[in-house]
Protein chains: 2
Amino acid sequence: MNERSHQAIREAIRERISSGEWAPGALMPGEANLADEYQCARTTVNRALQSLAEDGLIERKRRAGTRVKEIPVKRARFDIPLIRQEVEATGAQYRPHLLLHEIIEAPDAVAARLRLKTSARALHLQTVHLADGAPYAFEDRWVNIDAAPGILDAPLEEVSANEWLLKQVPYSSGDVAFTAAPAGPRESAALDVAEGAALFIIDRTTWLEDRHVTTMKLFYRPGHTLHSRV
Amino acid sequence: MNERSHQAIREAIRERISSGEWAPGALMPGEANLADEYQCARTTVNRALQSLAEDGLIERKRRAGTRVKEIPVKRARFDIPLIRQEVEATGAQYRPHLLLHEIIEAPDAVAARLRLKTSARALHLQTVHLADGAPYAFEDRWVNIDAAPGILDAPLEEVSANEWLLKQVPYSSGDVAFTAAPAGPRESAALDVAEGAALFIIDRTTWLEDRHVTTMKLFYRPGHTLHSRV
DNA sequence: CCAAATAATATGTGCATACATAATATCTAA
DNA sequence: TTAGATATTATGTATGCACATATTATTTGG
């Protein structure tokens with residue numbers, strides 16, 4: 001990282017913002033000025049400033065210029081890992097255990113998420129993810145069979161459905177929600193915790209273009225945390 | 001967005017990856033080739049590919065080339081809002097209510113987080129955030145007085161400590177953790193829920209350079225979810 | 001006086017080029 | 001044979017330039 005690199009300049013400017021050189025909401029010098037000051041091309045300053053804007057630290061508008069944000073947006077990024085990797089990262093041995101595998105009419109909430117016709121059938125799976133044989137998380141998943149037909153023949157005792165699907169449709173998009181809920185009878189039994197225990201839950205729905213592939217809830221054992229830098 | 005813009009090219013390449021044109025793990029054509037194919041400068045392809053790498057879809061190494069990731073990292077991004085804004089976005093009226101304001105010796109866990117000497121004193125605040133008068137979230141916060149001295153004179157009945165601190169040290173960094181836990185007596189009373197109810201919790205520590213400013217836990221009422229796109 | 005046309009301006013982006021850098025492949029000498 | 005030097009190559013990035021675009025300021029015409 002050179003003295004005049006866009007990264008160096010970005011950090012220098014970040015410093016100046018942190019130090020309060022420009023008040024929150026204030027107009028910063030234009031790209032041309034900064035380029036002059038740092039003895040570099042405007043392109044380079046542009047890149048530095050765009051990066052700071054991505055970070056939510058400044059706000060840029062054509063013709064209007066660049067200002068320091070009044071209230072910088074705190075943006076957290078989480079890498080959502082494969083459970084296998086998550087478990088293996090702790091040094092434990094991973095094994096999925098399939099508790100339920102049925103093809104039944106999907107409840108309305110699920111049908112809506114998978115864009116199924118009401119009363120269409122879907123694959124319903126329940127899995128406990130084990131770390132060194134002990135329950136680590138409980139997964140309740142519905143799969144749109146039309147969108148992933150091969151799953152009926154997949155060896156789900158060995159590879160978790162999550163992993164299998166990821167191999168099939170690796171570059172899908174989706175949405176995630178984080179929440180908490182008390183353990184119901186299923187979760188309680190699967191995770192070996194008291195009913196009503198507070199569980200951290202990740203709720204995901206995944207699609208590839210317009211094919212809604214799967215929706216699932218992942219219930220972690222009490223005490224699980226997910227963390228990140230801001 | 002032009003046909004030959006870096007964004008257009010990025011999306012075109014994203015499509016080609018999604019469609020499976022290049023297998024997971026496979027080597028993609030080099031920048032020069034793609035530039036040739038898309039009839040644009042290598043710089044433009046470079047920008048498109050860097051963006052896809054940021055998204056965790058591909059992996060790039062000098063000399064070795066660019067490959068499609070075997071298992072793309074699912075990266076969720078959350079904008080963590082001010083509670084005031086979060087509440088007001090629902091159309092409700094926001095009001096913070098300060099329950100506790102004391103300067104006492106910080107417990108070890110807190111002292112560690114704020115990098116305080118053991119048995120140093122810190123400001124301890126407990127606040128209920130109200131939406132239209134009803135409890136929305138409960139905040140338990142510790143502030144390093146040395147790092148934010150003005151807070152002792154701040155009108156915390158009107159502006160929440162969070163907001164006040166954000167005004168003072170707007171460009172701080174920090175870490176965030178999400179978890180779940182049962183409501184204890186304090187949370188139960190403040191949020192008006194049963195003891196043991198499953199609460200979604202955001203746990204944050206904030207610092208500016210080497211000054212650790214504040215650490216807090218935010219307990220949401222049952223049912224709260226945080227969501228995002230992947 | 002006000003609305004619409006027009007000019008001015010800061011950021012946004014593409015391009016050709018040159019060189020930097022990291023990783024790999026190949027050659028060379030003991 | 002093999003460690004070490006050297007060449008090769010794909011990505012990384014800085015630069016000067018031109019032009020695009022969004023937004024604000026100014027002018028103009030009714």
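Only this structure's heavy atoms are used, side chains among them; waters, hydrogens and symmetry mates stay out. Just so it is clear, the model here is predicted, and its values are computed rather than measured. By convention in this document, chain letters (A, B, ...) are assigned in the order of the sequence lines, proteins followed by strands, and residues within each chain are numbered from 1.
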Legend entry - Single hit among A:Arg10, A:Arg14, A:Arg75 for salt bridge (Lys or Arg N to Asp or Glu O under 4.0 Å) with A:Asp55: A:Arg14
Inset, instruction - Calculate the interatomic distance between A:Asn46 atom CG and D:dA18 atom P; express it in whole Å. - result: 18 Å
Legend entry - Gap between atoms CG and C1', on A:Leu52 and C:dT11 respectively (whole Å): 15 Å
Legend entry - Verdict with reasoning, A:Glu158 to A:Arg84, per salt bridge (charged side-chain N to carboxylate O under 4.0 Å, His left out): CA-CA 12 Å; A:Glu158 293 138 51; A:Arg84 170 189 294 280; over 6 Å; no
Inset, instruction - State whether B:Thr44 places a side-chain N or O below 4.0 Å from either non-bridging phosphate oxygen (OP1 or OP2) of C:dT13. - result: no
Legend entry - Euclidean distance, atom CG of residue B:Leu34 to atom C1' of D:dA10 [Å, nearest integer]: 12 Å
Legend entry - Atom pair distance, as rounded to whole Å: CD in A:Gln50 and P in C:dA10: 17 Å
Legend entry - Phosphate-side-chain proximity, A:Arg47 and D:dT13, N/O vs OP1/OP2 below 4.0 Å: yes
Legend entry - pair B:Leu191-B:Leu199: side-chain heavy atoms closer than 4.5 Å: yes
Inset, instruction - Respond yes when some side-chain nitrogen or oxygen of A:Gln7 is under 4.0 Å from OP1 or OP2 of D:dG12, and no when none is. - result: no
Legend entry - Aromatic ring proximity, centroids under 6.0 angstrom, A:Phe200 and B:Phe178: no
Inset, instruction - Find the distance A:Tyr38:OH to D:dA14:C1' and express it as a whole number of Å. - result: 17 Å
Inset, instruction - Please determine, for the side chain of A:Lys61, which listed nucleotide (D:dT24, C:dT13, D:dG12) has the closest atom? - result: D:dT24
Legend entry - Listed nucleotide nearest any side-chain atom of A:Arg63, set D:dA10, D:dA22, D:dT13: D:dA22
Inset, instruction - Would you kindly compare A:Cys40 and B:Ala32 by the position of their nearest DNA chain D nucleotide and give the one closer to the 5′ end? - result: B:Ala32
Legend entry - Candidates C:dC15, D:dG12, C:dG14 - which lies nearest the side chain of B:Arg42: D:dG12
Inset, instruction - Starting at atom CD1 of A:Ile9, determine the distance to atom C1' of D:dA14, rounded to an integer number of angstrom. - result: 10 Å
Inset, instruction - Grab the CG-P distance between A:Leu49 and C:dG12 for me, whole Å please. - result: 8 Å
Inset, instruction - Mind running salt bridge (charged side-chain N to carboxylate O under 4.0 Å, His left out) on B:Glu31 and B:Arg42 for me, showing each step along the way? - result: CA-CA 6 Å; B:Glu31 295 183 348; B:Arg42 186 172 74 86; 2.5 Å; yes
Inset, instruction - Side chain of A:Ala64 only, please: which of D:dT24, C:dG14, D:dA10 is the nearest? - result: D:dT24
Inset, instruction - Rounded off to whole Å, could you give me the CZ-to-P distance for the B:Arg10 and C:dT13 pair? - result: 10 Å
